[in-house]
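Below is one structure, written out as C-alpha cells, with a few remarks after it.
Just follow the structure's listing: the first ligand is 1, and inside any ligand the first atom is 1. Both backbone and side-chain heavy atoms feed into the values below; hydrogens, waters and symmetry mates do not.
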Amino acid sequence: MSWQNKIDLGLQQRREAAAYRRRQVNDGANGRWLQTGVQQYLNFSSNDYLGLSQDPAVIAAWQQGAQRYGVGSGGSGHVTGYSLPHAQLEQQLADWLGYPRALLFISGFAANQAVLTALTAADDRILADKLSHASLLEAAAHSPAQLRRFAHNQPDSLQKLLNKPCSGQTLVVTEGVFSMDGDSAPLAAIQQHTAAAGGWLLVDDAHGIGVRGAAGRGSCELQGVKPELLVVTFGKAFGLSGAAVLCQEPVAEYLLQYARHLIYSTAMPPAQACALQAALLRIQQGDDLRQLLQQRITQFRCGAADLPLQLGASETAIQPLLVGDNQQTVALAEQLRTAGLWVTAIRPPTVPPGGARLRITLSAAHQSEDIDRLLEVLYGVSR
Ligand SMILES: Cc1ncc(COP(=O)(O)O)c(C=O)c1O
C-alpha cells in the first residue's frame, strides 16, 4: 500500500467510526473557564484539579525563575541542563513522598517510557492493569519485556499471572487513580501479591498526587502502600507539566545511566522547576483546596444520581458518564457546548470499544453554581 493510500485509509477509518480527533484552539483555559474568541465556557475537561495553573504564587515563581535563569535549560541534565531549582525540587519531592531519590522528567509520558524500557530485559515480564494509560501500555509494548495485562482492578487476575513461571524479573504496573474512569486501584492487595511473588510495583499516580491522601501525597499514602517505583506528574493537580519518578538510590543512578529520555532530551526549564516548587508548597498547605474539590465531587455525584446516563464508580475529580456509542457521545458533548459547557467526548481507542463517555473533571476552582449549571444541562440533554 502506498503512503498516500495508507494515510487516506487511516483517516477514513477514524471518520467512519466517529472517532476522528480534532484539536480546538482556545485563548486560555484553567480549572474553571475555557475561552475561545468571544465565547467563554465552563470547563469540565481540565485536569487542573486544584486550580493551581492560575495560582499567583506559582506564576510569580515562574516569572522570578525566568528572570534569574532565563527561559530554557539549554541542554540535557547530563550536559548543562541540571540547575539548582531542579536539584531542589527533586530533594523536596523525595522528602515529601518518603523516598531517597526523585528524578525529574519532561512529561509523564516520557517518565513511563523511560522507566519501563530502561529497567526491563527480554526475560522479564510486565504485568499491567488492562486499563492502564497509553503511556504505560505503549512503554511496555516497546520494552524488551513480555507484556501481560490483568483484569482491571482485580488482584485475583494479577495473582493468576504471577503464578505463571518467569525466568526474569516481574514488574507490576498500575495507576493510583485511573485516568478515564476515576476509580482507584486496590493498591494494598496488588502490592501484597507482587511482593509475595518477588516482583516490583510501579504506581503511576498522575491523577492522585496532590488530591488524594494526607497533605495530597496521593493514592499510595492514602492506601498505606510504598511501591518500588512511584510516578507523579505535574500536568494535573500541580497545574503545570512534567513528572518525577520516586525510587531508591541505586534505581535512580541506574536510570541516570540508561534512561534515554533523560540522557537525550532537554531538561525542563529551571523556571518551571521554580514554579513547581511553589506549586508543591501550595499542595502541601492545600487542605482548603482539597476540601473544596471534595465538596464539588459530592455535589456532583448527589445531583447526578438520577441521570439516565450511567455514572462511573468514582470518588475522585474524574467523573465519567458512560454513553457507549461514539456518535451519541459526540452529539451530547456538542449540546453541552451549545449550552456553554466544555466537556470532551472520549472515544476508543482512548477507552475500550463501546466505552465512549463524557469525561467530566471537577476542580477546586469551580463554584457551587457551576456544578448546578452542569447538572441542569445534563438533565436537559440526556432525557
Ligand atoms: C495516568 C497517566 N499517566 C501518564 C500521563 C502522561 O502524563 P503527561 O501528560 O505528563 O505526559 C497521563 C496523562 O494524561 C496519565 O493520565
Side-chain angles (χ1 to χ4, degrees), residues 21 23 29 31 43-50 52-53 89 93 102-117 126 128-143 149 152-153 171-185 187 190 201-212 218-220 227 229-246 259-262 265-269 272-273 275-276 279-280 283 312 314 316-320 344 346-347 349-352 355 357 359-363:
R21 292 168 156 130
R23 295 177 303 171
N43 187 358
F44 289 104
S45 286
S46 162
N47 295 321
D48 187 8
Y49 301 132
L50 298 178
L52 293 190
S53 73
L89 175 61
L93 288 164
L103 291 180
L104 296 178
F105 285 81
I106 199 76
S107 71
F109 205 100
N112 286 337
Q113 297 275 318
V115 173
L116 267 60
T117 53
I126 294 172
D129 186 288
K130 212 163 195 156
L131 296 190
S132 294
H133 189 257
S135 58
L136 292 164
L137 292 178
E138 282 199 26
H142 290 157
S143 81
R149 301 195 295 167
H152 176 54
N153 277 349
L171 183 63
V172 173
V173 168
T174 190
E175 288 176 37
V177 173
F178 282 83
S179 57
M180 293 299 134
D181 293 81
D183 55 348
S184 305
L187 294 176
I190 288 175
L201 175 63
L202 179 151
V203 175
D204 174 344
D205 204 22
H207 297 275
I209 194 71
V211 285
R212 310 279 286 163
S219 307
C220 295
L229 295 152
L230 171 63
V231 177
V232 297
T233 71
F234 308 133
K236 283 71 168 147
F238 275 73
L240 288 115
S241 69
V245 175
L246 285 296
R260 304 170 73 80
H261 302 71
L262 280 178
S265 187
T266 304
M268 71 170 65
Q272 184 178 337
L276 282 165
L280 174 59
I283 282 175
S314 160
T316 68
I318 303 164
Q319 292 291 327
T344 307
I346 304 284
R347 292 158 288 167
T350 306
V351 289
R357 67 198 60 188
R359 178 180 179 267
I360 292 164
T361 49
L362 303 174
S363 170

TODO: Apply side chain to side chain donor-acceptor pair (under 3.5 Å) to the pair Ser219 and Asp205, showing each step before the final yes or no.
DONE: CA-CA 7 Å; Ser219 307; Asp205 204 22; 2.6 Å; yes
- [ ] Let me see the working for Tyr49 and His207 under side-chain contact (heavy atoms from CB on, under 4.5 Å), right down to the final yes or no.
- [x] CA-CA 9 Å; Tyr49 301 132; His207 297 275; 2.7 Å; yes
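In summary, the atoms of ligand 1 found under 4.0 Å from a heavy atom of Ser135, numbered by their order in the structure, are 3 (N), 4 (C). Numbered from 1 in the order shown, with element, the atoms of ligand 1 that lie under 4.0 Å from a heavy atom of Ser179 read 16 (O). In summary, the atoms of ligand 1 found under 4.0 Å from a heavy atom of Ala206, numbered by their order in the structure, are 1 (C), 2 (C), 3 (N), 15 (C).
Protein heavy atom at the shortest distance from atom 1 (C) of ligand 1 is Glu175 OE1, 3.3 Å. Shortest contact from atom 8 (P) of ligand 1 to any protein heavy atom: Gly108 N, 3.3 Å. In terms of protein heavy atoms, atom 16 (O) of ligand 1 is closest to His207 NE2, 2.7 Å. Protein heavy atom at the shortest distance from atom 3 (N) of ligand 1 is Asp204 OD2, 2.5 Å. From the protein, the heavy atom lying nearest to atom 5 (C) of ligand 1 is His133 CE1, 3.5 Å. Lys236 NZ, 2.6 Å is the protein heavy atom nearest to atom 13 (C) of ligand 1.
When heavy-atom distances to ligand 1 are checked against a 4.0 Å cut-off, Asn112 comes that close only through its side chain, counted from C-beta outward. Of the heavy atoms in Ser107, both backbone and side-chain atoms come closer than 4.0 Å to ligand 1.
Of the candidates Phe109, Phe238, Phe234, Phe178, Phe109 brings a heavy atom nearest to atom 11 (O) of ligand 1.
Among all heavy-atom pairs drawn from Ser45 and Arg359, the shortest one is OG-O, 4.2 Å. For the pair Leu187 and Glu175, the tightest heavy-atom approach, listed with the atom from each and the gap, is CD2-O, 4.3 Å.
For the 3.5 Å distance criterion, the side chains of Thr350 and Arg21 qualify, holding a donor opposite an acceptor. With hydrogens and angles left out, the side-chain atoms of His152 and Asp181 include no donor and acceptor closer than 3.5 Å.
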Taking distance alone, no hydrogens or angles, what donor-acceptor pairs closer than 3.5 Å link side-chain atoms of residues 230-241 to residues at least two apart or in another chain?
from: Ser241; atom 1: OG; to: Gln272; atom 2: NE2; distance (Å): 3.2

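Here Ser184 pairs with Val177, Arg212, Gln223, Thr316 under the side chain to side chain contact (heavy atoms under 4.5 Å, CB included) rule; sequence neighbours left out.
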